[in-house]
Amino acid sequence: MLDVGADTPAYTIGVVADMTGLTARQIRYYEKAELLKPVRTKGNQRLYCQKDIERLVQIKKLLNKGLNAIGIKKILDEQG
DNA sequence: ATTCTAACA
DNA sequence: TGTTAGAA
């Protein structure tokens with residue numbers, strides 16, 4: 001009850017892929033590109049929270065603007 | 001069934 | 001970016 005928020009619940013890559021419209025491939029790639037940092041669980045599975053979802057959505061919008069992982073990293077770095 | 005890593009095209 | 005192999 002104290003852990004409820006935009007940073008606690010976590011979704012698997014499959015659900016975030018469905019919510020963001022990206023593919024698991026892209027999500028894994030952006031993670032490697034340092035665009036975000038999902039938490040790992042037990043079997044090394046990526047767990048994305050609401051915040052990560054919004055971040056992925058933002059990345060997607062940036063991609064539509066003509067940016068690439070490099071430009072997005074710069075923007076996310078400025079915001080962090 | 002779902003996800004993970006690594007590697008290739 | 002898509003996909004495949006083998007593994008958990």
Side-chain angles (χ1 to χ4, degrees):
Chain A
M1 305 306 183
L2 299 168
D3 63 316
V4 59
D7 254 339
T8 13
Y11 313 90
T12 52
I13 196 162
V15 51
V16 311
D18 184 58
M19 295 174 102
T20 61
L22 296 166
T23 65
R25 208 5 177 148
Q26 287 175 288
I27 297 167
R28 287 187 194 122
Y29 181 76
Y30 302 147
E31 192 235 343
K32 188 190 173 104
E34 292 118 39
L35 267 38
L36 55 98
K37 30 312 162 180
V39 271
R40 298 286 204 155
T41 218
K42 195 173 180 178
N44 215 31
Q45 312 280 101
R46 291 171 175 77
L47 291 180
Y48 297 87
C49 50
Q50 179 61 53
K51 262 232 171 153
D52 294 320
I53 307 290
E54 292 179 49
R55 184 139 323 185
L56 264 325
V57 169
Q58 188 171 183
I59 289 167
K60 197 192 173 167
K61 289 169 113 179
L62 267 22
L63 290 167
N64 283 313
K65 280 177 172 273
L67 285 135
N68 54 33
I70 306 294
I72 297 168
K73 179 190 164 67
K74 191 180 174 106
I75 294 185
L76 293 176
D77 187 60
E78 288 178 39
Q79 295 182 340

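Given the structure is predicted, the values throughout are model-derived calculations rather than measurements. Every chain is numbered from 1, with letters handed out A, B, ... down the list of sequences.
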*asked:* Expressed as a whole number of angstroms, how long is the span from A/Arg40:CZ to B/dC4:C1'?
replied: 8 Å
*Please walk me through it: do A/Leu36 and A/Leu56 pass side chain to side chain contact (heavy atoms under 4.5 Å, CB included)?*
CA-CA 8 Å; A/Leu36 55 98; A/Leu56 264 325; 3.3 Å; yes
*Phosphate oxygens OP1/OP2 of C/dT1: is one of them under 4.0 Å from a side-chain N or O of A/Tyr30?*
yes
*A/Thr12 vs B/dT3: side-chain N/O to OP1/OP2 distance below 4.0 Å*: yes
*Quickly work out the A/Leu22 CG to C/dT1 C1' distance and round it to whole Å.*
12 Å
*Tell me, for nucleotides 2-8 of chain C in 5' to 3' order, what letter each nucleotide earns: B for a base near a protein heavy atom under 4.0 Å, S for only sugar-phosphate near one, - for neither?*
BB-----
*Backbone of A/Thr20 reached by a side-chain donor or acceptor of A/Lys60 within 3.5 Å*: yes
*Minimal non-hydrogen separation, A/Asp52 against A/Pro38, with atom names*: OD2-CA, 4.3 Å
*Over how many whole Å does the gap from A/Leu47 atom CG to B/dC4 atom C1' extend?*
13 Å
*Over all heavy atoms of both residues, which pair between A/Arg55 and A/Leu35 is shortest? Give the atoms and the distance, please.*
CD-O, 3.6 Å
*Check the distance between B/dT2's C1' and A/Lys42's NZ and give it to me in whole angstrom.*
14 Å
*Short side-chain to backbone donor-acceptor contact, A/Glu54 and A/Lys51, under 3.5 Å*: no
*asked:* Just the rounded figure in Å: distance from P of C/dT1 to NZ of A/Lys32.
replied: 14 Å
_In whole Å, I'd like the distance from the CD atom of A/Glu31 to the P atom of B/dA6._
11 Å
*A/Lys60 NZ to C/dT1 C1': how many Å, rounded?*
15 Å
*OP1, OP2 of B/dT3 versus side-chain N and O of A/Arg46: anything below 4.0 Å?*
no
*Do the side chains of A/Ile27 and A/Val16 get nearer than 4.5 Å, heavy atoms only?*
yes
